[in-house]
Each structure stands twice: as C-alpha cells, then as structure tokens.
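So the structure is just underneath, and the comments pick up after that.
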There are 2 protein chains.
Amino acid sequence: MATDDLDDEIHALLRREDQRYTKGRRALVATLRAEGQPVTIPQILDASDGLAQSSVYRNLVVLEEAGVVTRIVTNDDFARFELAEQFTHHHHHLICSSCGDVVDFSLDDQAEAGLDEALHDVAEQAGFTVEAHRLDLVGTCADCD
Amino acid sequence: MATDDLDDEIHALLRREDQRYTKGRRALVATLRAEGQPVTIPQILDASDGLAQSSVYRNLVVLEEAGVVTRIVTNDDFARFELAEQFTHHHHHLICSSCGDVVDFSLDDQAEAGLDEALHDVAEQAGFTVEAHRLDLVGTCADCD
DNA sequence: TAGCTGTTGAAAACAATTCTCATTCTGATT
DNA sequence: AATCAGAATGAGAATTGTTTTCAACAGCTA
Ligand SMILES: [Zn+2]
Ligand SMILES: [Zn+2]
Ligand SMILES: [Zn+2]
Ligand SMILES: [Zn+2]
C-alpha cells in the first residue's frame with residue numbers, strides 16, 4: 001500500500017474515534033512500517049528518534065483502539081506491536097521461547113480456509129462471536145538453536 | 001486420569017528438575033484439576049484456602065518449568081494457568097475480549113491433523129523448532145453478548 | 001488573533017509479578 | 001527416632017512494564 005493511501009486510511013480510522021493523526025502517531029506508524037515485524041516499545045524508542053516513552057505507550061493504545069495497530073502479547077516481558085492486518089495481510093507468528101523474538105508467517109490458502117471453517121463451527125456451537133483467530137508456533141528460532 | 005497416577009507422574013516430572021512435590025504444590029494441582037478451566041491467581045487464592053500468594057506465584061513457575069502446568073497469557077491483566085496438555089488433552093482457547101474469560105475447545109481430529117501438517121511445513125522452512133502450537137479464538141463469549 | 005480542545009513529556013503512580021530473608025519443613029542418613 | 005543440610009514457605013519489600021497525572025503546548029475554527 002502506498003504511504004499516502006495508508007496515511008489516509010489511518011487518518012479516517014482515527015477520526016472515527018475523534019482522534020488526531022499527529023506527528024508522534026505518524027512517526028509510530030512509520031517505524032512499525034519500516035520494521036515490518038512485531039517490535040517492542042524499547043525497540044521503537046531506539047529506532048525512532050525523540051519519541052517520549054509515555055507518548056509511545058499512550059499512542060499505541062489509541063492506535064490499537066482505532067484498529068491501526070495490533071498488540072501481540074507473549075510470555076516475554078514486553079508487548080509487541082505491528083500494523084493491523086488490514087494494512088498488511090492476514091498472518092500468524094513464530095514465537096521463540098528462548099530470545100522472545102516474534103516473526104510473521106502465513107499459512108497457505110487451503111490450510112487457512114480449512115482452519116477458518118473448523119473455527120467457524122466451533123464458535124457457532126459455543127455461542128461465541130469471533131473477532132479474530134490467533135495462531136502461534138512456540139519454539140526455538142534458527143538463531144537460538 | 002486417576003489422582004494417584006497423575007500425582008505419580010507429576011512427582012516424576014518435578015524430581016527430574018530436583019524439585020519436591022510439596023503440600024502447596026499438591027494443593028495447586030488439585031485446584032487446577034477441580035476447576036478444569038484456565039484460572040487466574042486471584043481465582044486460585046479464592047478457591048483454595050490458606051495458600052500464600054508469593055508461594056502460588058513461585059510454585060506455578062516451578063510447575064510450569066517442570067511441564068506440569070501451562071501458562072496462558074492474554075491481553076487481560078492476569079495470566080491464567082491450567083494443567084498441561086499431557087494431563088488433559090490437546091485443545092485451544094476461546095478468549096473473551098470483554099470479560100477476559102478463557103474457555104477450552106477442541107478441533108475435530110481432521111482439522112487438527114491438517115493444521116499440524118501445514119504448521120510442520122512452515123516450521124521446517126523457517127528453521128524453527130516447534131515446541132507447541134497455540135490457537136485462540138478472540139471475541140465475545142455468550143455471556144457478554 | 002483568540003479561544004477551545006486534544007496532545008505531549010516528565011515524572012509519579014500503579015499493579016502484576018518477583019525477590020528477600022528469617023523460619024519451617026523434607027527427607028536422607030545415621 | 002534424632003540429626004542435619006538443603007529446599008520450601010510466608011510476609012512483606014522490591015521490581016518493572018505500563019498507565020496516569022498535570023502543566024505546557026499545538027492544531028483547528030471563527
Ligand atoms: Zn530465538
Ligand atoms: Zn505479525
Ligand atoms: Zn465474556
Ligand atoms: Zn486450556
């Protein structure tokens with residue numbers, strides 16, 4: 001997605017929540033976009049220059065509520081953040097239980113479709129309204145092996 | 001699984017880590033077993049009488065390291081714990097983003113097998129050593145709807 | 001420009017979890 | 001059974017990722 005289109009959509013999502021698309025929020029989005037993988041807040045503070053920690057925490061909450069950003073919580077100390085799937089693509093995560101690193105992966109369409117169908121049945125039977133499904137592989141990454 | 005057999009296996013797992021299967025740890029296991037669903041530490045403290053908070057936190061770490069107990073972390077404030085799958089059965093979770101409740105569910109064998117195969121391929125290609133896969137449905141439970 | 005409202009940054013507050021340490025328990029050995 | 005060394009416990013303090021506070025600031029509208 002082109003930067004301008006992405007910014008327009010984000011602007012719209014934020015406006016829907018009566019929130020502005022400020023400089024700090026733009027910087028956050030730019031950082032997440034540049035990284036392309038889930039990042040922790042310390043990583044964001046290192047990578048982007050001059051952002052205040054409190055604003056980063058606060059703005060990630062705002063962006064998450066607006067549907068711009070997704071929070072990934074693992075057993076690691078820090079939460080991780082990435083652009084929401086609507087700005088990237090549906091995917092899942094490899095979570096290294098040794099170094100804590102989180103990396104995206106995708107399932108092939110057929111497997112994803114099969115999974116979706118099975119989950120749909122489960123949710124229906126449980127009277128559960130599905131917002132999203134989350135699939136992670138937990139183990140050891142190539143670097144840590 | 002009979003209580004005695006379960007206790008024997010847990011005893012063995014703990015011994016492997018040079019840990020004892022003490023009264024407090026037995027009480028924890030009994031509580032998790034009685035609940036049958038993932039529980040938070042406040043819930044454990046309420047349900048079981050006389051356990052010290054610090055010991056519960058500490059013993060859940062020990063039991064988790066020994067492979068007796070699984071920690072479930074969500075966006076909720078509290079981590080949740082349940083008996084490890086080897087003492088129950090492989091399953092997944094419905095996570096209510098409204099009340100935070102976590103409930104078990106299972107996929108039918110065919111869907112689970114298909115998923116496993118797809119994940120195996122992914123892991124192999126990424127050089128990732130899989131310990132477990134984790135599949136959650138995030139949404140709203142029947143009570144909160 | 002003036003005024004209104006949302007945002008920022010620094011620091012304080014918060015809360016789940018972990019750590020400390022003096023005491024108590026365990027269990028192996030005599 | 002008695003002993004003793006090491007492990008576990010409980011109460012509270014400390015830690016730490018995150019949230020909140022609040023005074024100063026920036027963006028929008030008239
Ligand atoms: Zn790793
Ligand atoms: Zn991702
Ligand atoms: Zn609910
Ligand atoms: Zn479960």
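Because the structure is predicted, anything quoted here is derived from the model rather than measured. These values consider heavy atoms only, across backbone and side chains, with no hydrogens, waters or symmetry-generated copies. Within every chain, numbering begins at 1; the chains are lettered A, B, ... in the order of the sequence lines, protein sequences first and strands thereafter.
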Original post:
In whole angstrom, what separates A/Gln19's CD from C/dT7's C1'?
Top reply: 9 Å

Subject >> Between OG on residue A/Ser106 and CG on residue A/Leu135, distance to nearest 0.5 Å >> reply: 10.5 Å

Original post:
How far apart are the closest heavy atoms of A/Gly67 and A/Ala84, and which atoms are they?
Top reply: O-CB, 3.2 Å

Subject >> No-hydrogen, no-angle side-chain donor-acceptor test under 3.5 Å, A/Gln19 and A/His11 >> reply: no

Original post:
For residues 97-116 of chain A, which residue pairs qualify under ring-ring contact (aromatic ring centres under 6.0 Å, His included), counting only residues two or more places apart or in two chains?
Top reply: A/His92-A/Phe105

**OP:** Mind running a 4.0 Å heavy-atom check of residues 61-77 of chain B against DNA chain D and sending the residues that fall below it, in number order?
**Re:** none

Original post:
Between CG of A/Asn75 and CG of A/Asp77, what distance do you get to the nearest 0.5 Å?
Top reply: 10.0 Å

**OP:** Indicate whether the side chain of A/His133 and that of B/Asp136 have a donor and an acceptor atom separated by less than 3.5 Å.
**Re:** no

Using the 3.5 Å cut-off, write out each protein N or O paired with an N or O of nucleotides 21-30 of chain C and the distance between them.
| from | atom 1 | to | atom 2 | distance (Å) |
| --- | --- | --- | --- | --- |
| C/dT26 | O4' | B/Arg20 | NH1 | 3.3 |

Subject >> Bending between helix ends of the helix from C/dT1-D/dA30 to C/dT30-D/dA1 [5 pairs per end, 10° resolution] >> reply: 30°

Original post:
Which residues pass the side chain to side chain donor-acceptor pair (under 3.5 Å) test with A/Glu85, sequence neighbours left out?
Top reply: A/His90

Subject >> Residue met sooner reading DNA chain C from 5', once B/Pro42 and A/Ser54 are mapped to nucleotides >> reply: A/Ser54

With a cut-off of 3.5 Å and sequence neighbours excluded, list every side-chain donor-acceptor pair involving residues 121-130 of chain A.
| from | atom 1 | to | atom 2 | distance (Å) |
| --- | --- | --- | --- | --- |
| A/Thr129 | OG1 | B/Asp145 | OD2 | 2.6 |

**OP:** Using atom types as modelled and distance alone, determine if a side-chain donor or acceptor of A/Glu82 lies under 3.5 Å from a backbone N or O of A/Gly36.
**Re:** no

Original post:
Counting only non-hydrogen atoms, which of residues 25-41 of chain A are less than 4.0 Å from DNA chain C?
Top reply: A/Arg25

Original post:
What's the CZ-C1' distance between B/Phe78 and C/dT18, to the nearest Å?
Top reply: 15 Å

Subject >> Residues forming a ring pair (Phe, Tyr, Trp, His ring centres under 6.0 Å) with A/His120, sequence neighbours excluded >> reply: none

**OP:** Return each pair, listed once, that meets salt bridge (charged side-chain N to carboxylate O under 4.0 Å, His left out) where at least one residue sits in residues 39-58 of chain A; pairs must be two or more places apart or across chains.
**Re:** none

Subject >> Side-chain donor-acceptor pair present, B/Glu112, B/His91, cut-off under 3.5 Å >> reply: no

Subject >> B/Glu64 and B/Thr70: side chain donor to acceptor below 3.5 Å >> reply: no

Original post:
Which residue pairs pass the salt bridge (charged side-chain N to carboxylate O under 4.0 Å, His left out) test with at least one member in residues 17-43 of chain A, sequence neighbours excluded?
Top reply: A/Asp7-A/Arg26

**OP:** Kindly state each residue pair satisfying ring-ring contact (aromatic ring centres under 6.0 Å, His included) with at least one member in residues 31-82 of chain B, sequence neighbours excluded.
**Re:** none

**OP:** Would you indicate, yes or no, if C/dT7 has its OP1 or OP2 atom less than 4.0 angstrom from a side-chain nitrogen or oxygen of A/Asn59?
**Re:** no

**OP:** Tell me, please, the opening and closing nucleotides of DNA chain D, 5' to 3', among those with an atom under 4.0 angstrom from a non-hydrogen atom of chain B.
**Re:** D/dG6 to D/dG12

**OP:** Grab the OH-P distance between A/Tyr57 and C/dA13 for me, whole Å please.
**Re:** 19 Å

